[in-house]
Amino acid sequence: MNDEGLRLLVLLTVLFFVGITCFIIYFIVLYRSKQLKNKREQEQQQYAFQQELLRAQIEMQEQTLLHVSREIHDNVTQVLSFVKLSLALAVNSSEDQKKAKIAESRELVSQAINDLRDLSKSLSFEHITRLGLLKTIDIEAARINKSGLIQTILSTEGDVYPLGAQRELVLFRIYQEALNNALKHSGAKHFKISLQYHPELFNLTLEDDGNGFSARSLDGSGGSGLKNMENRATLIGAVAAIDSAPGKGCCIKVTLNPLEQRLYTDGYHPDRLG
Amino acid sequence: MNPLSTLECVTLLIAAGICLLRYQRLTFPFKILAWAVITSFILKLLANFFAIKYKNNAPILQIDCITEFIFFSVIYYYLFKNKLIKKAIAVSIIIIVAAFFINAAFFQPFNKVFPTYIYIPSQILFAVFSLLLFKEMLMYPVKINIVKQSVFWYNTGVLFYSTTMFFFLGLSNYLAEHNLDDDFIFNFWYIISDVFHILICIAILTENKKISVTDE
């Protein structure tokens, strides 16, 4: 081989291998930067999720405190005031009347104690974690029924399984929001709650027979609660479908695949199943 | 036997040994790679035997060419996530296999010459597959460090081997046209082959189905 040919051969070979090496190094650098970008995005998603969860928790606490304050004002205080009045009147009564009033007062105090016990249960924000979504909704539904504000009907289907504390908290918050809407705006008489537990699908259906609404009638503030429900559902990997028409009530259906993992979930995430 | 050819056999033997030792820990595409390496080793031995005994190892090289293409294409089929690329790989396997039989029957006889008409397009396809896989890896990066990813080493190996082969074929044509000595090319080809086997060894050693990024 002559010198010129050899030189050309060496040059071409060197150029080729330098080219390939540069390509591989460039790929590694690019891949690393993509990995870091993905990691940052995942952290941001996780942060947003935690923020939203915190917001849902605060809202739930506010709602619970509001309910407790109403219950104390409308129920317990009334009962205790009546007991106070009854006992005050008993001072000048005959022995038999005194006995009757004391017995009546005892019953009322006992009722007040029961009401306070129920309230103390709803004051504990950890009860979803302890009792689970179904039991918590059951207690809430019983309480609402007792108040007489609206008639709630709870039904379940399939074998109940846990959905993870954070998911259940968000689902309960959606339930609270829907119930609140039914109580405040719809003038509904009945509120149906249906929980369907299928192996690969969970459904929470919340239905009222109130005034309903059209999508157009929702302005920014009216629609924000519903939008919030949709966003929160998305956050836990669920889909919220809201169906309503004027005079036909409102139906909110939250569908969730219990086996699906979200991007933000990691080995320590409470939503992790299996 | 050329010492570089012996070295190539040794690296291939080591790669086959590692494949057998780690076979249970490999994911499906890498199990296919293990079979590809073992088959390649057996064919290499047969090729050397035929070369010494019959002075003609063309049939073995023809079989080696087509089995290598099928094995490596099937591995790519399982490594890709994109369904369109998967379909394209499946179609390319059918076309190349059909072309192989036509070529062996009419253009480059099975028992006489090495099937360059099949070898060149298959190397081009490997280069394209590896570049596409690099692109897909960038689209779906995983948390595992790139140097601990068997797919990266496998793909680097294939890209390196296929582009080098293509480069060398072009270069050997140039040398032949200018009546220049092409021993350099053959010796270098063995070294490239050794590097390829080492990269395959790294891929097999880094592969672990418990932490694998590949889909089974």
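The model shown is predicted, which means the values in this text are computed figures rather than measured ones. What's counted below: heavy atoms across the whole structure, side chains too, no hydrogens, waters or symmetry copies. Throughout, a chain's letter reflects where its sequence line sits, starting with A, and its residues are numbered from 1.
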Undergrad: Flag yes if more than 12 heavy atoms outside B:Phe114 fall under 6.0 Å of its CZ atom; otherwise flag no.
TA: yes

Undergrad: How long is the span from the CZ atom in B:Phe160 to the CZ atom in A:Phe17, to the nearest 0.5 Å?
TA: 4.5 Å

Undergrad: Assess whether atom CD of A:Gln51 is packed by more than 12 heavy atoms of other residues, nucleotides or ligands within 6.0 Å.
TA: yes

Undergrad: Above 12 or not: heavy atoms from other molecules or residues under 6.0 Å from NZ of B:Lys86?
TA: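 Yes, NZ of B:Lys86 has more than 12 neighbouring heavy atoms, counting only those of other groups under 6.0 Å.
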
Undergrad: Is it the case that atom CH2 in B:Trp189 sees more than 12 heavy atoms from other parts of the structure closer than 6.0 Å?
TA: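 Yes, the 6.0 Å shell around CH2 holds more than 12 heavy atoms from other groups.
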
Undergrad: Determine the minimum heavy-atom distance between B:Met137 and A:Tyr31, stating which atoms define it.
TA: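 What the structure gives for the nearest pair is O-CE1, 3.2 Å.
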
Undergrad: Can you tell me how far CZ of A:Arg32 sits from CG of B:Asn145, rounded to the nearest 0.5 angstrom?
TA: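 B:Asn145 atom CG to A:Arg32 atom CZ measures 6.5 Å (nearest 0.5 Å).
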
Undergrad: Minimum heavy-atom separation for A:Gln35 to B:Gln149, with atom names?
TA: NE2-NE2, 4.2 Å

Undergrad: Just wondering, more than 12 heavy atoms not from A:Tyr197 lying within 6.0 Å of its OH?
TA: yes

Undergrad: For B:Tyr23, does the OH atom have more than 12 heavy-atom neighbours from other residues, nucleotides or ligands under 6.0 Å away?
TA: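 Atom OH in B:Tyr23 is crowded, with more than 12 foreign heavy atoms closer than 6.0 Å.
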
Undergrad: Listed by residue number, which members of residues 21-30 of chain A have a heavy atom under 4.5 Å from any heavy atom of chain B?
TA: A:Phe23, A:Ile24, A:Phe27, A:Ile28, A:Leu30

